[in-house]
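For reference, the structure is listed below as C-alpha cells.
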Amino acid sequence: MSNLLIRQSERIYDLLLSFYPESYKHQFGEEMKYVFSESLKEALVESKESGIVSFWTRTIIDTGKSLTVQHIDNMKGGGFMKKNNDIIMQNKVFLWIAAGTGMILSIPLMAMLFKLGFDWGIFDFLIMGIHLFGAGSVFVLIARVTPRKYRVLVAVAVMAALLLTWVHLAVGIVDTWPLAGS
Amino acid sequence: MIVQLSQSEFYILLSLAIKSRHGYEIMKQVEQDSGRKVILGPGTLYGSIKRMLQSKLIEEIAGDNPRRKYYSLTEKGRKSLSSELQRYNDAVKLAKQKDLFKSLGVVKLAI
C-alpha cells in the first residue's frame with residue numbers, strides 16, 4: 001500500500017514539475033523530485049497513510065506559490081540560466097497563439113464585411129476562437145512534455161481533433177455526440 | 001554589499017554555516033534549527049536556492065554523492081549571515097537591557 005502511494009505521489013509530483021519553466025526544471029527538477037520523495041517517505045514513516053493528506057496539502061500550497069513566483073520571474077527574464085530559444089518552451093508562445101487565432105478569425109470577419117457568403121454570429125466566432133486558441137495551447141502543453149521528435153505527430157493529432165470537433169459542430173458527424181450540427 | 005535576507009534564506013545560510021549540504025540535508029537542518037517552525041517544501045527551498053545563487057550568497061560545489069548538488073556559503077554569504085546574526089544579537093542585548101522580554105510579557109519566541 002505504502003509503495004503504491006509513494007509511486008502514485010511521485011507520478012503526480014512529476015506532472016506538477018512539468019508546469020515549471022523549462023530552464024528552472026532543467027536546473028532543479030531532479031533535486032526537487034528527490035527532496036519530495038524523501039520527505040514523502042519520512043511523512044509516511046512518521047504518520048502512516050494519514051500523514052499523506054497533510055503532506056500533500058503542504059506540497060500543493062508550496063508548489064502553487066513556487067510555480068507563480070518562477071513563472072513571473074521567467075516572464076521578467078530574471079532567470080540566470082541560459083535563455084531557452086525554443087519558442088514552444090517560452091510563455092510568449094501563448095501570445096502568438098492568440099495573435100494567430102485573431103488572424104484566422106479575421107478571415108470570416110472580412111468575408112462577412114465583403115458579403116462573401118459568410119453569416120457568422122458572435123457565438124460562432126467565440127466557439128471558433130476557443131477552439132483555435134485551445135488547440136494551440138493543448139499542442140504547446142503536450143509538446144513541452146514530449147520529446148522534440150514527436151512534435152509533428154502531436155501537431156497532427158491536435159489538428160485532427162480540432163477538425164473533427166469543428167466538422168461535428170458544423171454538420172454533426174455522430175448523432176449521439178452532444179451539440180451535433182449545432 | 002550586504003544582502004537583506006528573507007526568513008528562509010537566513011535559515012538556509014545558517015544551515016550551510018558549518019558545512020556544505022545538498023537540498024534535502026538543508027531542508028532537514030532548517031527544520032531542526034528552527035524547532036520545526038520553518039518547514040520548507042521543495043518549491044520554496046529551490047526557489048530560495050535559485051535566488052541565493054543569483055545573489056552569489058551560495059555556490060554549487062561537488063560533494064560526497066555525485067548524484068546530488070551540494071551548496072556552500074560564499075564569502076558574501078558568510079558576511080551576510082554574520083551581519084544578520086549580529087543584528088539579532090544587538091536586538092536581543094537591547095531587549096535584555098531594557099527588560100523588554102519581561103515588560104512585553106514574551107514567554108516564547110515565535111517566528
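Nothing here was measured: the structure is a model prediction, and the numbers come from that model. So you know, we letter chains A, B, ... as the sequences are listed, proteins then strands, and number each from 1.
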Closest approach of A/S39 to B/M27 (non-hydrogen atoms, all atoms of both residues): OG-CE, 3.2 Å
A/F28 vs B/P42 side-chain heavy atoms within contact, under 4.5 Å: no
Over 12 non-hydrogen atoms of neighbours within 6.0 angstrom of CG in B/L94: yes
Residue part contacting chain A, namely of B/I39, when any heavy atom lies under 4.5 Å: side chain
Same cluster (ILVMFWY, side-chain, under 4.5 Å), A/L40 and A/V45: no
ILVMFWY cluster membership beyond B/Y70 - transitive side-chain contacts under 4.5 angstrom: B/I61
B/H22 side chain near A/Y34 side chain, heavy-atom distance below 4.5 Å: yes
Residue pairs, two or more places apart or on separate chains, that pass salt bridge (charged side-chain N to carboxylate O under 4.0 Å, His left out) and touch residues 26-39 of chain A: A/D14-A/K33, A/E30-A/K33, A/E31-B/R68, A/E38-A/K41
Shortest non-hydrogen contact between B/G43 and A/Y20, atoms and distance: CA-OH, 4.0 Å
Ionic contact status for B/K50 with A/D73, cut-off 4.0 Å: yes
Same apolar cluster (I L V M F W Y, side chains within < 4.5 Å links), A/L163/A/L105: yes
Joint cluster assignment, B/L85 & B/V30, ILVMFWY side-chain distance < 4.5 Å: yes
More than 12 heavy atoms of other groups within 6.0 Å of B/I18 CD1: no
Over 12 non-hydrogen atoms of neighbours within 6.0 angstrom of OH in A/Y150: no
Value rounded to 0.5 Å, distance of CD1 in B/I49 from CE in A/M32: 10.0 Å
Residues from residues 59-69 of chain A approaching chain B under 4.5 Å (heavy atoms): A/D62, A/S66
Interchain contact, B/E60 with chain A, by part (heavy-atom threshold 4.5 Å): side chain
Part of residues 152-161 of chain A lying next to chain B, heavy-atom separation under 4.5 Å: none
Residue pair A/E42 / B/Y24, side-chain donor-acceptor N/O under 3.5 Å: yes
Co-membership, hydrophobic cluster, residues A/L95 and A/I130, 4.5 Å side-chain: no
